[in-house]
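Please see the structure below; I have some questions.
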Amino acid sequence: MTKYVYSFGGGKAEGSSVMRNLLGGKGCELAEMTNLGIPVPPGFTITTQAWAAFNRNDRAFPDGLLDQVTSALEKLEHDAGLVFGDPKRPLLVSVRSGARVSMPGMMETVLNLGLNDATVEGLAAWTRNERFAWDCYRRFITMFGDVVLGLRREAFDEHLTALKSRLGVKSDPEVPAAELRKLTQTYKDVVASRSSKPFPQDPRQQLELAIRAVFDSWFGKKAIEYRRINNIPPDWGTAVTVMSMVFGNLGETSGTGVGFTRDPRTGERRFYAEFLANAQGEDVVAGIRTPEHIDDLARRMPEIYDELLAIAGRLERHYKDMQDIEFTIQESKLYLLQTRAGKRSAAAAVKVAVDLVHEAVIDQHTALLRVNPRDLARLFVPLLDPRDKQAAISAGRLLARGLAAAPGGAVGQVVFDADRAVELAKDGQRVILVRPETSPEDVAGMYASEGIVTARGGRTSHAAVVAVGMGKPCIVGASDIVVHEERRVFEAGGRLVREGEVIAIDGETGEVILDAVGRTEPQVSGATQEFLAWADRYRTLGVRANADTPEDAARAREFGAEGIGLVRTEHMFFASDRIPIVREMIMAPDTVSRRAAVQKLLPFQRDDFIGIFRAMDGLPVTIRLLDPPLHEFLANPKEYREMIEERARLEALNINPARKAALDEKLAKIDALREANPMLGHRGCRLGITSPEIYAMQVRAIMEAACTVAEQGLKVEPEIMIPLTGTVGEMKLTYDNTRKVAEAVLVEMGGPCTYTIGTMIEVPRAALIADKIAQDAEFFSFGTNDMTQMTFGYSRDDVAKFLPEYLQKGLLPHDPFSVLDQEGVGELIRIGIERGRRTRPGLKIGICGEHGGEPSSVEFCHKVGMTYVSCSPFMIPIARLSAAQARLRAREASAEGAPSA
Ligand code: ADP
Ligand code: MG
Ligand code: MG
């Protein structure tokens, strides 16, 4: 016969912490505490296995379960010294749900079960407290009605509220016994009339119905929703714990509370708790009454307070983690009713982990695995104040939801174009840029803004990538927003929001909110620095940054970057003093004039590189040669429209033929450069091959900068990276061209400066022929944004149109542009690494897509043997911790897999 029921009580328990899956979190820790000799009321737990059988059996209790419950109940009566249903000294129990992971408040609990018209009188006489007995009875009917019979709580509570106002009292404890007795009769009438059956008087029947209801609560709406959000499998099920009631509502020497062994907001080491005198636990949990400060308990019952602190400390040392406990005091005797690892803020997670190491409770290894890497990003940016935000949403101020693209909270006036953003920011205004989408010419406006919202685009759209790099909160693909640029308004949530109106955005959740919301400032504590230093000690995977400017580079270094994995040279082309020259270069009718324009860009590029090399003294810097299609630099849609309009005007008026001819030529060029599919078009090394003077200028700028900085006594390590290689021919030709220019510069400048030439692996074909590519390429960097795009065949700028539905239908587990697709794209990476290193053992290999800052992707990079990951400066702490965790987990796995001695 399967054992479905595990008892605890009298200082001994059949279960323990290790039986979490079977007994649920609550049940197993009650057993564990009992075995530790901590005061816990006796009881028993029905296993999740019983739940599974019940669920399989069309909601019938499995054979033997009720018999086992009967025996466990007898033992419970013995331990408690009371008898269930006894009219003189009745045993009352609580029936509590408990899954293997905690799902706070998601499932149901019934208190004071076992009361009926007879036992309530017994309870009153035995405790000599009539008010208390009737208070328990009315609570029980309410909870039973709600949880078991499916009646709304309000159906009962409205009578209590009416009664209180009739009596002119504010709080529950002021209602006298006689009134509660009458109220209970009213409650029973409510049950009888609404459920067409009288309130069950038989305690045994009450118990069976309650067990069934708790089993069923696994499929309650709240619980299903919670599981979906938290990725909890639906077949885990819940255990049910039945335990002797202890009464916090027995008068002024009784009470109930909840507490954390450390402050869950900051991690500070102090008991953080709330307490309610003369109340049952549900009052605290449900927020019915405002709890008192725990100091109140210290004043009222100092010995109990000391005992509670001692137990809290003991539990923390035993579980080696911060605990969240529930306790109840019955007539000056303390009982523990629950303990679990406490939920905590990101800052607290780090602080608690570091402090526990200093207190010699856990080792660094354990501490590193305790913190969720994603949480670290939150420590470096301001966030929206959660309470304030919730209040705003409750008040109906939510305008739209989009994809959360870059963490942090921002508040500012709405602007619709980059120029306006720059203008207002100069005046010291805070602005949020709201656009249908962004393109490279918006970058200055994005810099000037507090945050960015786009109606279109996915997580690797221009807006998302650039915002992450800048550390600006960003929401993309907010398709509920319709932007009317000309009218300077947007529509969302049935509202019209004008330029200058204030909105708040949460880049972590994707919420756009009308009006200001308070913010919390980032705090990079000493604990965080220390924690990250430990991560560095454990990881073997390198961490670099994607950075395009000396400022970004300097910041990356502060965050702990060990080099730059990607400088996107084109980002330097958009500055206002450069873009005219870039256009001149593109428009040049012949090679000679093109060369002339290119030469004008050289000093700009050289200065940029000098700045970056200086900032990265002693560390490697990977610079990618020009990558995007030239079309992107030519004219933005507005300029293009204006040119068309001007030409039409000139034509209609038949004036200024010279101007018209110039316009014709310009427009013809723009039209000629336009591509149906620019991301698969004339870009990357293809550009370098058809217009070699551009790459030649860039290589010269890099090498001149490197020699200049080296002469000043700094250490430079340039890595010149060729984008979008797909064939051996492309690789060889571009490599040779690059080498020639680089060598020439070295001879001219007489500088001994080492450099390497490598390539991005982003075209799937390049991964497949990586052995041949590696004959020239001296390093690889996987460009997983483009590689994901080309492997799936999903345009990254349009993916937001169908991705949400794909995710919702479960067709994809994640957005592959934020979480690396290990199965498909990852296979190409494995092949690329293996073949590349076949030709060149020890080949330096990195990743520079958005995935370089995503924990599961970083773990993958560690496993496949990459040399480093590169991500935006703000993601570096995430990458450092993820890399450490990857190594620690791999070590644990191999230790487990090893044959035992
Ligand atoms: P939840 O998981 O929603 O917190 P619980 O099962 O922990 O639900 O119970 C709800 C409240 O009832 C808690 O405050 C708990 O401490 C209290 N409670 C549960 N069982 C008992 C009991 N045997 N005696 C007194 N209070 C109890
Ligand atoms: Mg609880
Ligand atoms: Mg690319």
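Atoms within a ligand are numbered from 1 in the order they appear, just like the ligands themselves. Values below: all heavy atoms of this structure, side chains included; hydrogens, waters and symmetry mates excluded.
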Ligand 1 versus Lys26: contacting region, heavy-atom distance under 4.0 Å
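The answer is the side chain of Lys26.
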Leu315 backbone acceptor or donor facing Gln323 side chain under 3.5 Å
no
Test side-chain contact (heavy atoms from CB on, under 4.5 Å) applied to Ala298 - qualifying residues, sequence neighbours left out
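Partners of Ala298 by the side-chain contact (heavy atoms from CB on, under 4.5 Å) criterion, ordered by chain and then number, come out as Tyr305.
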Any chance the rings of Phe156 and Phe144 have centres within less than 6.0 Å?
no
In Glu326, the N, O or S atom nearest to the Mg ion (ligand 2) is which?
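In Glu326, the N, O or S atom with the shortest distance to the Mg ion (ligand 2) is OE2.
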Nearest heavy atom to atom 15 (C) of ligand 1 wins, so pick from Met103, Glu326, Arg340, Met143.
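Shortest heavy-atom distance from atom 15 (C) of ligand 1: Glu326.
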Near Val246 (heavy-atom distance under 4.0 Å), the atoms of ligand 1 are 24 (N), 25 (C)
Who gets closest to atom 21 (C) of ligand 1 by heavy atom: Gly98, Pro41, Ser94?
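Looking at heavy atoms only, the winner is Ser94.
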In ligand 1, which numbered atoms sit nearer than 4.0 Å to a non-hydrogen atom of Met243?
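This gives 23 (N) as the contact atoms.
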May I ask whether Gln338 places a heavy atom under 4.0 Å from ligand 1?
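The answer is yes, since Gln338 has a heavy atom less than 4.0 Å from ligand 1.
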Residues two or more places apart in sequence or in another chain: which of them pass salt bridge (Lys or Arg N to Asp or Glu O under 4.0 Å) with Glu303?
none
Is there a donor-acceptor pair closer than 3.5 Å between any side-chain N or O of Ser94 and the backbone N or O of Asn112?
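A pair under 3.5 Å: no.
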Quick check with a 6.0 Å cut-off and a 45 degree axis cone: is Arg204 positioned over the face of Phe84's six-membered ring?
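No cation-pi geometry.
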Side-chain heavy-atom pair Arg153, Met143 within 4.5 angstrom cut-off:
yes
Using a distance threshold of 2.8 Å, state whether an N, O or S atom of Thr109 lies below it from the Mg ion (ligand 2).
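For Thr109, the answer is no, given that no N, O or S atom comes within less than 2.8 Å of the Mg ion (ligand 2).
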Contact (N/O only, under 3.5 Å) between Thr328 and ligand 1:
no
Going by heavy atoms, is Ser244 under 4.0 Å from ligand 1?
yes
So that I can tick it off, tell me whether Lys164 and Asp172 are bridged by a salt bridge, with the cut-off set at under 4.0 angstrom between side-chain N and carboxylate O.
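Yes, charged N to carboxylate O under 4.0 Å.
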Atoms of ligand 1 less than 4.0 Å from Leu111 heavy atoms?
12 (O), 18 (N), 19 (C), 20 (N), 21 (C), 27 (C)
